[in-house]
Amino acid sequence: SRIYAFKVPSGEPELLTPGALTDGAFFPSVSGDGNRVVFISNDPLLVTSDQSQVFLIERPANTIRILSTDVNGNPGNGLSTRASISHDGKWAVFPSKATNLKGAEIPAGSPDLFHIFLLNIETGEHKLVSANSNGTLGNGDSFASELSEDGNEVVFYTEANNLIAT
């Protein structure tokens, strides 16, 4: 599968991902001006990991870079999925099982769960969203994250029952 942009006024599709992808690109989300698109892929043309990662397409040049990275720029050590980008294109949010994302490392020995991460696309810093205000990780999987238009709110669903600190 490939990611296309359909130009409504002209009615013409534009291929955004390389045509040579063999494992595909999935779940695109586009910024308000159309200049940034996030998607997931585990295609060997894009990443050496066998785990799907989050990528960003910068338009109009259609350059692609990985977003779900550790402090050294390496791919996250767990599956990431279904990213969503803010209207202004500055933020992305996504569920991941990675424990080593830059700025939001999960302690060793923690349960193998999907957590929600908010990414500042400009700095590459991740913030763990699916934790309570005391920093305690959610005790259940979290999925289906979305950003408000201004990037100030993240909504998601979770199986965790400990996100409200007592």
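Residue numbers run from 1 in the order of the sequence given.
- Between the CG atom in Leu67 and the CG atom in Leu119 there is a gap of 5.5 Å [rounded to 0.5 Å].
- Residue pairs meeting the ring pair (Phe, Tyr, Trp, His ring centres under 6.0 Å) criterion with at least one member in residues 5-54, sequence neighbours excluded: Phe39-Phe55.
- Asn72 places no side-chain N or O within donor-acceptor distance of the main-chain N or O of Asn74, the cut-off being under 3.5 Å.
- In this structure, Tyr157 and Phe143 have tilted ring planes: the angle between them lies in the 30° to 60° band.
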Pair Leu46, Ile66 - check side chain to side chain contact (heavy atoms under 4.5 Å, CB included), show working. CA-CA 8 Å; Leu46 298 175; Ile66 189 170; over 6 Å; no

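- For the pairing with Asn162, the side chain to side chain contact (heavy atoms under 4.5 Å, CB included) check across Leu137, Asn134, Asn139 returns one residue only, Asn139.
- Closest non-hydrogen pair, Gly24 versus Asp43, comes out as N-OD2, 3.4 Å.
- No chain of hydrophobic side-chain contacts below 4.5 Å, direct or via other Ile, Leu, Val, Met, Phe, Trp or Tyr residues, connects Phe114 to Phe156.
- Counting only distance, with no hydrogens or angles, the side chain of Ser130 and the backbone of Ile116 share a donor-acceptor pair below 3.5 Å.
- With values rounded to the nearest 0.5 angstrom, Ile40 atom CD1 is found 8.5 Å from Ser80 atom OG.
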Would Lys90 and Ile121 count as a side chain to side chain contact (heavy atoms under 4.5 Å, CB included) if you check the C-alpha gap in whole Å, the side-chain angles of each, and the deciding distance to 0.1 Å? CA-CA 5 Å; Lys90 295 179 182 177; Ile121 293 175; 5.8 Å; no

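- Taking both residues in full, the closest heavy atoms of Val38 and Ala83 are given as CG2-CB, 3.8 Å, listed atom of the first, atom of the second, then distance.
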Step by step, work out the side chain to side chain contact (heavy atoms under 4.5 Å, CB included) result for Phe94 and Val129. CA-CA 10 Å; Phe94 56 94; Val129 174; over 6 Å; no

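- Contact between Arg59 and Gly34 at its shortest, heavy atoms only, is NH1-O, 2.8 Å.
- Residues Arg2 and Leu15 have side chains in contact (heavy-atom distance under 4.5 Å, counting atoms from C-beta outward).
- Minimum interatomic distance between Pro95 and Ser145 (heavy atoms only, all atoms of both residues): CD-OG, 3.7 Å.
- Listed for the Lys97 side chain is no donor-acceptor partner under 3.5 Å among the backbone atoms of Asn77.
- Between Ile64 and Leu56 there is no side-chain heavy-atom pair separated by less than 4.5 Å.
- Atom CG of Leu128 is separated from atom OG1 of Thr99 by 11.5 Å, given to the nearest 0.5 angstrom.
- Atom-to-atom distance recorded for Lys127:NZ and Phe117:CZ is 11.5 Å, nearest 0.5 angstrom.
- Within a 6.0 Å sphere centred on CD of Glu122, heavy atoms belonging to other residues, nucleotides or ligands number more than 12.
- Atom CG of Asp141 sits about 5.0 Å away from atom CG of Leu113, to the nearest 0.5 Å.
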Could you please spell out the steps behind the side chain to side chain donor-acceptor pair (under 3.5 Å) verdict for Asp150 and Asn152? CA-CA 6 Å; Asp150 62 6; Asn152 286 329; 3.0 Å; yes

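- The closest side-chain heavy-atom distance from Thr69 to Leu101 is not below 4.5 Å.
- Annotation: side chain to side chain contact (heavy atoms under 4.5 Å, CB included) contacts of Ser31 (sequence neighbours excluded): Asp33, Arg36, Ile85.
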For side chain to side chain donor-acceptor pair (under 3.5 Å), just list the numbers for Ser84 and Glu146, CA-CA rounded to whole Å, side-chain angles, deciding distance to a tenth of an Å, and then say yes or no. CA-CA 6 Å; Ser84 176; Glu146 292 285 335; 3.1 Å; yes

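- The cluster map of Ile, Leu, Val, Met, Phe, Trp and Tyr, joined by side-chain heavy atoms under 4.5 Å apart, puts Val37 and Leu45 in the same cluster.
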The test is side chain to side chain contact (heavy atoms under 4.5 Å, CB included); show your working for His115 and Ile106 and say whether it passes. CA-CA 10 Å; His115 293 287; Ile106 304 291; 4.2 Å; yes

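- Side-chain atoms of Glu159 never come within 3.5 Å of backbone atoms of Gly140 as a donor-acceptor pair (strictly under, hydrogens ignored).
- Contact detail for Ser86 and Leu147: the closest heavy-atom pair is N-CD1, 3.5 Å.
- Using modelled atom types, no side-chain atom of Asn120 and backbone atom of Gly124 make a donor-acceptor pair closer than 3.5 Å.
- In the hydrophobic clustering of this structure, Trp91 groups with Val154; members are Ile, Leu, Val, Met, Phe, Trp, Tyr whose side-chain heavy atoms approach within less than 4.5 Å, directly or through other members.
- The side chain to side chain donor-acceptor pair (under 3.5 Å) test with Gln53 singles out one residue from Ser68, Ser41, Ser96, and that residue is Ser68.
- The NZ atom of Lys102 sits 9.0 Å away from the NE2 atom of His126 when rounded to the nearest 0.5 Å.
- When all heavy atoms of Gly76 and Asn100 are compared, the closest pair comes out as CA-OD1, 3.4 Å.
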